[in-house]
K.L.:
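Okay, here's the structure, questions in a sec.
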Amino acid sequence: MDSFSMHPLSPVFFDLETTGLDSSCEIVQLAAVSGGHTLNLFMVPRRPMQPGASRITGFSVRRQRLFLHRRPVLTSSLREALVSFITFLRMLGRPVLVGHNIRRFDCHVLARALDEFSLRSDFQKEVCGFVDTLPLARQLLKDSGLQSFKQENLVKTLLGVSYAAHNALEDVQALQKLYWALKPTANQIHQHIFTLDSLATAAVSQAPAAQSGLCERFSKALAIVREERAGEHLDV
């Protein structure tokens, strides 16, 4: 048995709100919940909010102050927020971090922030891994006929309620209820566990293939250009 199988898997639900969806976006809000334990932190980003992100989340920045729906909020520095997150996790005994669609986005943003302040090793000591509820829900509800597995839709369908989505705290509180409604087994949870290091390994292993494909497309395009130029010379 591996260490994941032996671990009791206490879940902590977490979510990030960011300045946008690009690879260099920054965290604006970090929220986590486990039972009655809650963490909700805000940060003034060092880059502008993208208009689309601001419309969806309600966050805006004016004169180095963060506003949520035009009301000022208390903020921490990014480093202070990450240290607080690590301390919060330490109190909960190496939980598994659970989020919706985190494998594609949130985990990469979180890893980049941890690396910036050399906090990745400290963080990884306090968690046993991550579980993304998007593929988990798709597995558990594959015969349900659902067309959308967005968290809002799942909460509405399974719990019959709506909530203020795109606020990290509201998202994690709703996700905690959704997770228990899905009732995943320990085996199903273990099937979906991953780590920040496994994400990095996957990215590296995919890079050569992607680079190879790019080179191949470039070579074909170059060959077409050469053929067109040769045809032009023959016409002359």
Side-chain angles (χ1 to χ4, degrees), residues 11-34 37-61 66-69 73-89 92 95-117 119-120 122-124 126-127 129-137 149-152 154-155 163-176 178-179 192 194-196 198-200 203:
V12 170
F13 304 89
F14 91 104
D15 187 43
L16 307 177
E17 298 300 338
T18 62
T19 56
L21 297 177
D22 58 282
S23 59
S24 59
C25 67
E26 292 201 353
I27 302 171
V28 179
Q29 182 187 14
L30 186 160
V33 62
S34 178
H37 303 287
T38 301
L39 181 75
N40 187 30
L41 301 169
F42 300 94
M43 291 131 275
V44 178
R46 295 163 297 181
R47 56 176 298 159
M49 291 286 305
Q50 293 183 5
S54 188
R55 282 193 301 271
I56 291 171
T57 64
F59 284 108
S60 60
V61 179
L66 183 68
F67 293 79
L68 177 56
H69 302 301
V73 293
L74 293 175
T75 58
S76 307
S77 69
L78 178 56
R79 188 183 189 285
E80 288 170 342
L82 293 172
V83 170
S84 296
F85 189 28
I86 292 169
T87 303
F88 179 79
L89 296 170
L92 299 172
V96 60
L97 279 169
V98 180
H100 200 73
N101 201 23
I102 56 172
R103 187 164 193 152
R104 183 188 66 84
F105 182 71
D106 299 68
C107 286
H108 294 278
V109 177
L110 178 62
R112 179 159 42 83
L114 290 167
D115 288 343
E116 179 180 349
F117 299 101
L119 290 171
R120 183 189 283 234
D122 292 336
F123 173 84
Q124 294 191 136
E126 308 305 335
V127 298
F130 294 84
V131 169
D132 190 331
T133 52
L134 176 58
L136 179 62
F149 286 86
K150 289 183 177 179
Q151 182 176 314
E152 287 176 84
L154 292 172
V155 170
Y163 68 99
H166 306 298
N167 176 301
L169 182 58
E170 296 281 349
D171 282 334
V172 294
Q173 289 173 335
L175 182 60
Q176 180 171 238
L178 174 64
Y179 182 83
H192 290 275
F194 63 93
T195 66
L196 293 183
S198 68
L199 283 182

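The first residue in the sequence is number 1, and the count goes up from there. Treat the numbers as computed from the prediction; the structure is a model and nothing was measured.
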K.L.:
Which atom names give the shortest non-hydrogen contact between Leu68 and Thr57, and what distance separates them?
P.N.:
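The answer is CD1-O, 3.5 Å.
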K.L.:
Which atom pair, heavy atoms only, marks the closest approach of Val131 to Ile102?
P.N.:
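Val131 and Ile102 have their closest heavy atoms at O-CD1, 3.5 Å.
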K.L.:
Does the side chain of Phe130 reach to within under 4.5 Å of the side chain of Cys107, using non-hydrogen atoms?
P.N.:
yes
K.L.:
What closest approach, in Å, do Asp171 and Tyr163 show between heavy atoms, and which atom pair accounts for it?
P.N.:
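Smallest heavy-atom distance, with atoms named: OD1-CE1, 3.0 Å.
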K.L.:
Would you mind reporting whether Phe117 and Leu78 have side-chain heavy atoms less than 4.5 Å apart?
P.N.:
yes
K.L.:
How far apart are the closest heavy atoms of Pro45 and Val28, and which atoms are they?
P.N.:
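Looks like CG-CG2, 4.2 Å.
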K.L.:
Could I get the full list of ring pair (Phe, Tyr, Trp, His ring centres under 6.0 Å) partners for Phe88, not counting sequence neighbours?
P.N.:
none
K.L.:
Could you check whether Tyr179 and Phe13 have their ring centres less than 6.0 Å apart?
P.N.:
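Between Phe13 and Tyr179, the centre distance is under 6.0 Å.
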K.L.:
Do Leu114 and Phe85 come within less than 4.5 Å of each other through their side chains, counting heavy atoms only?
P.N.:
no
K.L.:
Which heavy-atom pair separates Leu89 from Pro95 by the least distance, and what is that distance?
P.N.:
O-CD, 3.7 Å
K.L.:
Establish, yes or no, whether the cationic atom of Arg103 lies under 6.0 Å from the six-membered ring centre of Phe194 and within 45° of the ring axis.
P.N.:
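Because its charged atom sits under 6.0 Å from the ring centre and within 45° of the axis, Arg103 does stack over Phe194.
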K.L.:
If only atom types and distance count, is the side chain of Thr133 paired as donor or acceptor with the main-chain N or O of Val98 below 3.5 Å?
P.N.:
no
K.L.:
Are any side-chain N or O atoms of Asn101 and backbone N or O atoms of Leu134, one a donor and one an acceptor, separated by less than 3.5 Å?
P.N.:
no
K.L.:
So do His108 and Leu196 actually touch side chain to side chain, heavy atoms under 4.5 Å?
P.N.:
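Side-chain contact under 4.5 Å: no.
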K.L.:
Which heavy-atom pair separates Ser84 from Leu41 by the least distance, and what is that distance?
P.N.:
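Looking at all heavy atoms of both residues, the closest pair is CB-CD1, 3.8 Å.
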K.L.:
Can you name the side-chain hydrogen bond (donor to acceptor under 3.5 Å, both in side chains) partners of Glu17, sequence neighbours left out?
P.N.:
none
K.L.:
Return yes if some donor-acceptor pair links the side-chain N/O of Thr195 with the main-chain N/O of Ser198 below 3.5 Å, else return no.
P.N.:
yes
